[in-house]
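Down below is the structure, laid out as structure tokens.
All chains are named by letter (A, B, ...) in the order of the sequence lines, taking the proteins before the strands, and each is independently numbered beginning at 1.
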There are 2 protein chains.
Amino acid sequence: MTTPESTTDIPQDFEALKAVILERKAQLPKRLKQVAAYSLDHPDEIAFGTAASIATSADVQPSTLVRFAQHFGFEGFSSLQQIFRARLRERTPGYEDRLKALRGNDHSKLESGSIFNGFVAAAHRSLDNVATSIGPQAFERAVDILAKADTIYLIAKRRSYPISSYMAYAFGKLRVKYQHVGTAAGIDDDMLAMATKQDAAFAVSFSPYASESAAQARFLAGRKVPVVSLTDSAFSPLAESSKVWFELVEADHAGFRSLSASMAFAMALTVAIAEKRRRHAEEGKPL
Amino acid sequence: MTTPESTTDIPQDFEALKAVILERKAQLPKRLKQVAAYSLDHPDEIAFGTAASIATSADVQPSTLVRFAQHFGFEGFSSLQQIFRARLRERTPGYEDRLKALRGNDHSKLESGSIFNGFVAAAHRSLDNVATSIGPQAFERAVDILAKADTIYLIAKRRSYPISSYMAYAFGKLRVKYQHVGTAAGIDDDMLAMATKQDAAFAVSFSPYASESAAQARFLAGRKVPVVSLTDSAFSPLAESSKVWFELVEADHAGFRSLSASMAFAMALTVAIAEKRRRHAEEGKPL
DNA sequence: GAGCTTATGAAACATAAATTCCGTCACTTC
DNA sequence: GAAGTGACGGAATTTATGTTTCATAAGCTC
């Protein structure tokens, strides 16, 4: 049953192909659907990879790729691959200009567009700053303290809460023991009362500072629990309770401060801690 | 006679290769010079073509291409070709400059520093992509739907949860009525059961998709509650339940995907919604 | 539940491609 | 002007890649 359809409805460019795939994805058999998803999610891989390498990545057999291509009217996998390559070729010339045009035209034309552009720009600015405002030695020390800890207490409220909740998620995945303080108000104090100096805490608070966060950090510091904190001013109430603290000022748009830099920082810290633990575990060294 | 030189002076990226070629161009023998010129003038051809096809285009023998590659320290033509392919993969405006700046800072000296730089770079890349992947009209429609809603239901689990929790915080500040679904498992369904078509929902889910989020979105869609969603693939289970959906692929470092682009998007959406409401309220128009 | 259709996996096959090898040519050097 | 050195072209060789085939498994229909 090879291509009863006329040759005209074989997609000739990436956009057309994408449309056809999305249209038919529901009726596709399991493996072909898998390939369909992979091809749209990793178009670059399809463009550059070999049938074998792509098959491995997408977790199917090479023959499935050929079947997939033929299913959409192509002669074989190679001719389908041309579509993906053409996409990259055509994108190259004047790509930067296109982006400029996009910035100038598309979004700013519409009323909400400038808001969107504004936040993306603010995020960029924040990230440009963060590399200079975070000292590498301090970062190293922070990683050290937290990697040594038995349990890591995460303290954050309100605007900082998304940051600690990401860290909680990531620590969970990485099998790092933690306690997320601040989820349900009542039990926080009991939770903190169990902290010992074998543990450590990471607190985040930006102005206007949540008084509870500062109080909790102070409480832990008083019990000799080392505290690492992320804040936006040297005058932050967190600073005095912290063994290491970072000052990180986010850029803003229309008064709404970005979270990108803090988020990137949090991710880096999280992974660095896990990485350090992993390495020490491998070397059989005591922490 | 194979590469007595240390492996360090083999160019690892396109810019470095270009520099080396230009530097040595004068001393190159005739055919190699010919290849050098061709490779810099038609980098895309090198990336996609086969040695034979490139040889024909450049009017040399295939073996000359191999010699050319080996002349610059590569093992063979194929490994040289990788450089040209990588160039197309990674091409993002301003990216190279940013990365250079990052390499220059003091973080790269310390062990955890490269992790930090990596996440900052990934965040930048994500933000560079987001402007092209989010269509302004779709954004406008999403704002429209959510601005009209009485209550906005925020659906997100696990990795997406920080995003919705930021939105919850911001909506609270902006006096936009919302319900955050997913905090305590038990009451979610009761909460959603109260949604009507006067309301709307915003769902976020990235692969591997949380099945609850998809189910909740489907439930709401079934009850004629308009759903706007943010996800990372056209095959996301969220797409089918959504009136408007956005595909946003975050760059990653060491397998940990950034959240910067999603966060910027969420902020923009949040503020745009509030802004639209404010304006309509001022004008005394009915929504 | 039997029989048919369709989908899937694994390996064999054929082909295309990269690389190596070697003879020839041009240019330099003594 | 002869010998030596390095570049070049083209064919041979080897590698690896796309495609086909076939046996098996999974769905579906009657």
Item checked: NZ (B/K243) with more than 12 external heavy atoms under 6.0 Å -> no

Of the listed D/dT17, C/dT19, D/dT20, the closest approach to the B/P62 side chain comes from C/dT19

**Q.** N/O donor-acceptor pair, side chain B/S63 with base D/dG10, under 3.5 angstrom
**A.** yes

Between B/I83 and B/L17, the two heavy atoms sitting closest are CG2-CD2, 3.9 Å

| Is there a side-chain polar atom (N or O) of B/Q70 under 4.0 Å from OP1 or OP2 of C/dT19? | no

query = Going by modelled atom types, is there a donor-acceptor pair between the base of D/dG6 and the side chain of B/R67 at under 3.5 Å?
reply = no

Discussion item. Categorize A/P29 for me: base, sugar-phosphate, or nothing, with a 4.0 angstrom heavy-atom threshold over every strand shown.
Written reply: sugar-phosphate

Separation of D/dG18 atom P from A/Q82 atom CD, nearest Å, is 11 Å

| query | Parallel, tilted or perpendicular for B/H253 and B/F119, by the 30°/60° rule? | reply | perpendicular

Separation of D/dT19 atom P from A/F77 atom CZ, nearest Å, is 8 Å

**Message:** Measuring centre to centre across the rings, with the benzene-like ring taken for any Trp, is A/F68 within less than 6.0 Å of A/F74?
**Reply:** no

Which of C/dG9, D/dG9, C/dT19 is nearest the side chain of A/R31? It is C/dG9

Under-4.0 Å side-chain N/O to phosphate OP1/OP2 contact, B/T64 with D/dG9:
yes

| task | Respond yes when some side-chain nitrogen or oxygen of A/Q61 is under 4.0 Å from OP1 or OP2 of C/dT8, and no when none is. | result | no

A/E75 CD to D/dT17 P, in whole Å, measures 20 Å

A/K30 NZ to D/dG27 P, in whole Å, measures 8 Å

